[in-house]
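Keep in mind the model is a prediction, meaning the values are calculated, not measured.
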Amino acid sequence: MTKTTRRQTLQLFTAGAAFGLAPSLFTTAARAEGKRIAMVVKNLGNSYFDACAKGATEAATEVGGFEIIYTAPTKATAEEQIAVIDALIAQKVDGIIVSSNDADALVPVGKKAMERGIKVISFDSAIGQEGRIMHLNASSTPLIGAKQVQMIAKTLGGKGEVAILSAASTMTNQNSWIEAMKEEWKKPEYKDMPLVATVYGDDQDDKSYREMQGLVKAYPNLKGVISPTTIGIRSGAKAIIDGGLVGKVFITGLGLPSEMKDAVLKGACDSFAIWNPVDYGYSSTQIMINILNGAEAGPGSTVKMGRMGETTVGDDGQAAMGDPFTFDKSNVEEFAKIF
Amino acid sequence: MSLAPRQDVADAAPKSIADRLLRWESILVVLLIAVIVGNTAISPYFLDIYNLSDATYNFSEKAIVALAMALLILVREIDLSVAAIIALASLAIGLAAQAGAGLPVLLLIGPLVGAACGAFNGFLVTRIALPSIVVTIGTMSLFRGLAQVVLGDQAITQYPKNLTAIGQSYLIKWPPLPYSFVIFLALAVIFAVVLHKTALGRKLYAIGNNPVAARFSGIPVDRIRFMLFVLTGLLAGLAAVLLTARIGSTRPNIALGWELEIITAVILGGVSIAGGSGTIPGVVLAVFILGLATFGLSLVNVPGIVISVLLGLLLIVSIALPIVVRRLMQKRPAG
Amino acid sequence: MQKPDASSPLPRGEPVLFLNGVSKSFPGVRALNDVSFTLRAGEVTALVGENGAGKSTIVKILTGIYAPDAGEIVVGGQQRQFHSPRDSWAAGIAAIHQETVMFDELSVAENIFMGHMPGRTSGFIDWPQMRQRTAELLKSIEADFDPDDKLKQLSVAQKHMVEIARALSHEASVIIMDEPTAALSRNEIDDLFRIIAQLKAAGRAIMFISHKFDEIFRVADSFVCLRDGEKVGDGKISGITEPKLVSMMVGRPIDQVFPKRDIAIGDVVLKVEGLSNPTEFADISFELRRGEILGFYGLVGAGRSEAMQCLFGMTAASSGRITLNGTPLSIASPVDAIAAGISYVPEDRQEQGAVLPLSIRENITLASIGSHVRNFFLSKPSELDAVRVLGRRLDVRAAHWEQRLGDLSGGNQQKVVIAKWLAAKPKVIILDEPTKGIDIGSKAAVHDFIGELAEEGLAVILISSELPEIMGLADRVVVMHEGRISNIFKRGTWSAETIVSAATGARKAA
Amino acid sequence: MSFLLKHRELALSLIIAIMVTGISIYAPAFATFENAASVLNDTSILCMLALGQMMVILTRGIDLSVASNLALSGMLSASLAQNYPDLPVIAFIAVAIATGLVLGLINGSLVAWLGIPPIVVTLGTLAIFRGMIVVYGGGNQVNASEMGDVFQSFPKVTFFGLSTIFWIMAVVAIAAWLFLSMTRVGRGLYAVGGNPVAARYCGIDLAPQQLLVYSVAGSISGLCGYLWVSRYGVAYSEIASGFELTVIAACVIGGVSIAGGVGTVAGALLGALFLGVIVNALPVMQITPFWQMAISGIVILAAVVVNARAEKRGVKLILPEARLAAGAAK
């Protein structure tokens, strides 16, 4: 903590100095020996992406000769992200890995980058197909969707009303997972477990918390909640604990062990899933490095992901890293130390 | 009739170089030069004509709205709903595109919806006599809320190529100038001429300095204020066209938070929040300072939120410094 | 020394306050230079001088708003330094200010005790005591409202009573009255003078500031005369005459007689019939002719300004007809009025007339800005031509035409405001209290100028609360009472008594 | 009707009562004690912030930086808990309030001593305070599991079914009421906002008052920073983002005049409660969340229009018959 603080203070100081015409401090940061790969995520201050960045650095160190620039806009909007990518294009970085705030809005800027010889791939939240070479899903979308429905069905024994507490209504990946969930829901074994509502917490803690409280009040028979977002699941779990609803309502979805430890131990959450974000960042970066080294990554090709093995790009230009990993009482404490 | 000999009055004050140097615009010019020199020094990629041209994409739309906002603040009003107007206008463009409308309709509908939103603000402020800051806090929720009601969790992403070309290609190939930047420069010239060289401009200064006396002097104060709200909405609608064309997508959170950036540019440009003073060249300089400083710092990958800290400091320090200097200068002779 | 004790009055004539060699400068201006005088118990001392002579600066120094650069203030035998208004109260000085400076949203009691509310040891306000003391104060000045009434519910005159009660609440030994009668009607002025008599009897020393000589000679015991920041004379009021005092003030003799010009009165220019508004005025009908000066007299709040502002398009009339040169007009805003040839010089110069931060040039051309447009652009040469002519004609004293209007003296500001309206080339000009609050020199100039305008063929409406001004200048006088015209007098058929009784609502004079 | 217009607080309470009744008929789940308690608990932070903001607005100011202040104070308090989880809870609260106070003093000094317009100062500090969270914490967040139990359990303790947050709000509200209506300084705020020139003549200087109100508003934001973070169990740079406008909206709905000098504690509280009820009722009524923003916009506008009608300055009553008519109506 203190180390970061000092580094950041120094950074602010240098930035301030740069503003006031004392720029020499910065040149080292701006020019590097090897190739530069930028990882642009949705917004800063999100531990999930911080873990991804850790994986990216790991990959770069492993291969050697690559520098990672980890950056994001202040607000999770497309316009701000475009501005950030424009600045990266201007710096003539070699590759850009993006988790997009808006699949379509980033297509033009992705195209522009590729026209100028910069390799672009997306991970986590996709860019439209024309705006990138390929997209790496953490896991296949149908698998993630099905997994979450299966988890809540297991917890509830297949009986009871279920609702979805999502992030912002605009988020591409959440929306496609919800589609996949609804697909899974069509199976006959879920006939006693109806989906009653989908609400949005906008990935804000207070809003997610309130939406969770609202769900419980609006649907007195509610038994389970699926939250395919790390912020939604942690705030939802908190609302369950604070509202004395442990044992009556269960939450599941995609969460981080470090944030969900309490909820699992207190019984608000039986099990939840996520892929390892460190691995995710690592795999994306490995793919980018291979692309920069001349590997093919178009539809139908197979790309290597270092220690994570390899994956095949589908016709839609998308590939999956692996299966989501399930956490419960037995392993959450162990992984909470990692991410 | 007079009891003493009439006095000769000069046409103008003797011009002093010190006065000119102490003008706010001069300070801004120095600041802009500092930003350019600083950026050039910290990043080898800054002084690249294509990069600079790309940088203009990211501030031209805000800059266009800032021009109208400057006039509004000049007459003691403010519009916090501009970003929400952009969202609603972008929605209108999107719906029109979905309905298969042609390019002329798409280009017109944004400004029209923007102007209608502006008229609604203007009506509440001038007819019902409500403070504009309160009205536009309400309409900023209302306008963006309406966009959210219509769009829900959807986005409109299918835009005809001839529209997106406006946002994604250059109007002039060399030097590479995007449409939005050229439109901003053209509007800036028009605004500067109107504000500083015409009767309407004089009226705006009169209203900003003393609305009651302006009304007594036969200036249709409420009508002008109303028209300025409409104008601000209109330019926000125009910005919506350019932004929608640039990113080819309409979502409820489009242009979120722009109102504060726009107002920051206007204030840094030397337009007094109390009304009555400020110039268009000042606002244009401030737009460049903020846009290029942001771009330069992004080039060395300073996180956006740290940039916003620096710009916040820039705003406060640049306004506080002249006050402190003036105080020190006043105290010296006495002490 | 002990706090001045109001309960045991000092003997009449005992010195209470000395001002000794006080000087004060502002950047570029010497506001006061070595001024000394004495205020005595049980006496009213009039402080006279033109605007800018330094009266307000003395008030601000005595009330702790400004600190003097040099000199001393001695109250009750002890030298004092005022760093804030509180210090000034502590020394026993209270002031009634020129404008009623009050808090509309707060109660009468709070207005009176703001800044010195009685407190309990717990730190909270002692509301019961505050209410009780307020009730006593209101009773002593025979006010007819409650301590708990909100100030915004009161009339102008009642607010003035609150202001007086506030000054009394300090139990001060010195009371400063800065133009206390400016907003008062005749009856209310009588009330005020009765209170002043009470205060004198109680041994308070009173400093009285007014531009109205009749009041000064009626109420004051002695005077101090200032000119250009210096004291140019003082003494007993019984030992001086009005012309002498005036010439002492302005530094030269002034002819106080109004030069009524002999002007041929022409055809009817403006005809107003049955102009009405639901709450402010009703059935206003009159005619105005070329070259005529039509006076409008009435008490403050009689509806004169309101009727004229309606005529000028500031407010909407509920009924009535306006005809200009035989053509019926529909005036919805000042824009229409100015286009038709009607100008209105408002009463409140600072708020309604002048745009103080703009230059003299920009102010003078403001109401006629359209006439300086050449090919879409404003022409500065054209503006300057107009400004030079009008500025010279009105004898505006300034360094240059680009000077901020706010930097000029009140009288010069008023000249610029009038110039603005003449630049609009009106056929009818309405002057609302054009000499209010300006010094005697500028006043004479304005009077002279009004005559000049009529001579040039303008039709002039002159609203004034000063009887001598109205009687000296007008050809006819319209008298208003409670929103209606109570009588119209022709020159030669009036007397001060008939006009005043029409204005106060006494039975119509025949 | 005109009586209600004149007594804004009463009218607002009535509107809230009608609204609650309506919602309860539509969705009986809303009319339970638990729900009422959760609405009150949920709205308490907004209530406190609205009180602080009101004092600022009374002096003709505005504080746009409250939400950023809240986020930074909450972050510092949480990071103290992260490093020393076993400190008594009062230490965390004290750190949050002290941080808020310092930030408020920064605003106050810039406004009071340098005379920079409040909207300019707080527009700048809005960005600066929030950015300092990233500068300080390197963009890291503090999670529930890192904060420790002492830090988190305090706001959840309940008395009579209501949480500590509510009771703290009650104490703050009573203190604000005593201060604003019973002390000289409090009444002075109304004087300064109502007529700054006159206040100066009464020996009440604007600058110290401004310093005071921004400090108070800052301290309240700091306190709310601790409460927010401990309640929602996470501290990072984005918490309460954009909340400043909700706070101002609550004041406006509660009849606080943006022109200064007008506003009551009850009004600000009711304004906040009004927004709280709406925000909490929408999910219960199963109205799609997409309506929420538009509805709060409409509510703000409606409240402003109604307030403006109530405040409408009376026309001059000069004609005797008009005065009589007005007198009869009274």
Side-chain angles (χ1 to χ4, degrees), chain A residues 1-9 11-12 15 43-47 49-50 70 72 74-76 169 196-220 231 234-235 237-239 241-244 256-263 265 336, chain D residues 27-30 32 34-35 38-39 41-42 45-46 75 79 82-83 127 130-147 149 152 155-156 163 228-229 231-243 276 279-290 292:
Chain A
M1 180 92 212
T2 43
K3 231 184 277 168
T4 3
T5 309
R6 203 171 299 139
R7 196 192 74 216
Q8 289 290 340
T9 320
Q11 196 171 6
L12 175 77
N43 60 331
L44 279 184
N46 184 327
S47 14
F49 288 123
D50 290 350
Y70 171 54
T74 315
K75 285 188 288 281
S169 56
V196 290
T198 303
V199 296
Y200 299 88
D202 286 352
D203 267 359
Q204 287 171 13
D205 287 281
D206 56 322
K207 183 130 190 283
S208 307
Y209 191 95
R210 244 190 335 263
E211 289 295 339
M212 183 71 202
Q213 289 179 325
L215 274 178
V216 177
K217 281 172 220 155
Y219 303 97
I231 293 171
R234 76 178 180 217
S235 310
K238 202 146 175 37
I241 297 168
D242 293 355
L256 295 173
S258 60
E259 296 176 0
M260 290 301 291
K261 190 178 81 176
D262 270 11
L265 297 181
Chain D
F30 195 77
T32 60
E34 289 77 32
N35 187 60
S38 94
V39 170
N41 292 341
D42 227 49
I45 289 181
L46 179 59
M75 184 74 191
S79 91
Q82 188 182 23
N83 292 318
R130 199 172 279 284
M132 290 309 287
I133 299 171
V134 172
V135 174
Y136 166 80
N140 294 332
Q141 63 184 50
V142 182
N143 290 319
S145 56
E146 298 165 314
M147 290 171 189
D149 284 339
Q152 286 180 81
K156 271 160 239 154
S163 73
W228 184 294
V229 166
R231 179 174 164 100
Y232 297 116
V234 66
Y236 67 118
S237 63
E238 287 302 295
I239 60 171
S241 178
F243 205 61
V279 167
N280 280 278
L282 288 179
V284 178
M285 291 174 76
Q286 302 177 24
I287 291 176
T288 93
F290 308 120
Q292 191 168 312

Stepwise side chain to side chain contact (heavy atoms under 4.5 Å, CB included) check, Asp42(D) with Gln213(A): CA-CA 10 Å; Asp42(D) 227 49; Gln213(A) 289 179 325; 3.7 Å; yes
Stepwise side chain to side chain contact (heavy atoms under 4.5 Å, CB included) check, Asp203(A) with Glu238(D): CA-CA 10 Å; Asp203(A) 267 359; Glu238(D) 287 302 295; over 6 Å; no
Spatial distance of atom CG (Asn43(A)) from atom OG (Ser241(D)) [nearest 0.5 Å]: 10.0 Å
Residue, of Arg234(A), Met260(A), Lys261(A), that accumulates the most heavy atom pairs under 4.5 Å with chain D: Arg234(A)
Region of Arg231(D) in contact with chain A, defined by heavy-atom distances below 4.5 Å: both
Sequence-distant partners of Tyr209(A), ring pair (Phe, Tyr, Trp, His ring centres under 6.0 Å), two or more places apart: Tyr232(D)
Value rounded to 0.5 Å, distance of CG in Asp205(A) from CH2 in Trp228(D): 9.0 Å
Partners passing ring pair (Phe, Tyr, Trp, His ring centres under 6.0 Å) against Tyr219(A) (at least two apart in sequence or in another chain): none
Which portion of Ser258(A) sits near chain D, non-hydrogen atoms under 4.5 angstrom: both
Residue selection (most heavy-atom pairs with chain D, distance under 4.5 Å) from Asp262(A), Ile231(A), Asp206(A): Asp206(A)
